[in-house]
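Working notes for the structure below.
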Amino acid sequence: MEEKSLAEIQREVDAYISQFKEGYFSPLALMARLSEEVGELAREVNHAYGEKPKKPEEADNSVEMELGDILFILNCFANSLNIDLTEAHNKVMNKFNTRDADRWTRISDEP
């Protein structure tokens with residue numbers, strides 16, 4: 001399986017969406033789509049790891065596919081707002097590495 005950077009994924013999603021006249025959905029519609037996909041992920045996690053097994057007639061979705069759907073919608077959302085996800089990721093990691101630097105017990109700190 002080929003590894004892709006976030007920038008490559010964003011470009012791939014943009015190339016896909018750009019072939020359609022409708023283009024990206026509005027931010028509000030994308031937020032609704034993202035919420036819907038997170039709900040579908042929750043359902044799959046509940047079926048796979050929770051106490052609620054699937055009914056025999058229910059579709060055979062997977063956690064992997066639902067995470068993929070969320071990744072696609074996140075990329076659509078970012079692209080529609082001209083947000084570079086690599087830059088956003090770097091800013092968030094910097095925040096966690098500074099704000100939460102001493103919040104958790106590091107494996108290297110254990111005796």
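Nothing here was measured: the structure is a model prediction, and the numbers come from that model.
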So which atom in [X] and which in [Y] form the shortest heavy-atom distance, rounded to 0.1 Å?
| X | Y | result |
| --- | --- | --- |
| Gly23 | Ile17 | C-CG2, 3.6 Å |
| Gln10 | Leu85 | OE1-N, 2.7 Å |
| Thr86 | Ala7 | OG1-N, 3.8 Å |
| Val63 | Val45 | CG2-CG2, 4.0 Å |
| Lys52 | His47 | O-ND1, 2.7 Å |
| Glu51 | Pro53 | O-CD, 3.2 Å |

Neighbour count above 12 (heavy atom, 6.0 Å) for [X] [atom1]:
| X | atom1 | result |
| --- | --- | --- |
| Tyr49 | OH | no |
| Asp100 | CG | yes |
| Glu57 | CD | yes |
| Gln19 | CD | yes |
| Phe72 | CZ | yes |
| Lys55 | NZ | no |

Test side chain to side chain contact (heavy atoms under 4.5 Å, CB included) applied to Val13 and Asn79, step by step:
CA-CA 8 Å; Val13 168; Asn79 287 350; 4.0 Å; yes

Just so I know, are the side chains of [X] and [Y] near enough to count as touching, which here means a heavy-atom distance under 4.5 Å?
| X | Y | result |
| --- | --- | --- |
| Arg43 | Glu40 | no |
| Met31 | Phe77 | yes |
| Leu41 | Ile70 | yes |

Within the distance-only criterion (no hydrogens, no angle test), does the side chain of Arg106 pair as donor or acceptor with the backbone N or O of Ala101 below 3.5 angstrom?
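Indeed, once roles are kept as given, a pair shorter than 3.5 Å links the two residues.
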
Test log, rule side chain to side chain contact (heavy atoms under 4.5 Å, CB included), inputs Leu81 and Tyr24:
CA-CA 10 Å; Leu81 297 173; Tyr24 290 103; over 6 Å; no

Check whether Met65 and Ile73 end up in the same hydrophobic cluster, where Ile, Leu, Val, Met, Phe, Trp and Tyr are linked by side-chain heavy atoms less than 4.5 Å apart.
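Cluster IDs for Met65 and Ile73 differ.
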
Transitive ILVMFWY side-chain link Ile83 to Phe25, under 4.5 Å
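Both belong to a single hydrophobic cluster.
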
Could you tell me which residues satisfy side chain to side chain donor-acceptor pair (under 3.5 Å) with Asn75, sequence neighbours excluded, listed by chain and number?
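Result, side chain to side chain donor-acceptor pair (under 3.5 Å) vs Asn75: none returned.
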
Value rounded to 0.5 Å, distance of [atom1] in [X] from [atom2] in [Y]:
| X | Y | atom1 | atom2 | answer |
| --- | --- | --- | --- | --- |
| His89 | Asp84 | NE2 | CG | 11.5 Å |
| Asp69 | Leu34 | CG | CG | 11.0 Å |
| Leu71 | Glu66 | CG | CD | 13.0 Å |
| Ser5 | Glu12 | OG | CD | 10.5 Å |

Got a sec, which residues hit side chain to side chain contact (heavy atoms under 4.5 Å, CB included) with Lys91, two or more places apart in sequence or on another chain?
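Applying side chain to side chain contact (heavy atoms under 4.5 Å, CB included) to Lys91 gives Glu87.
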
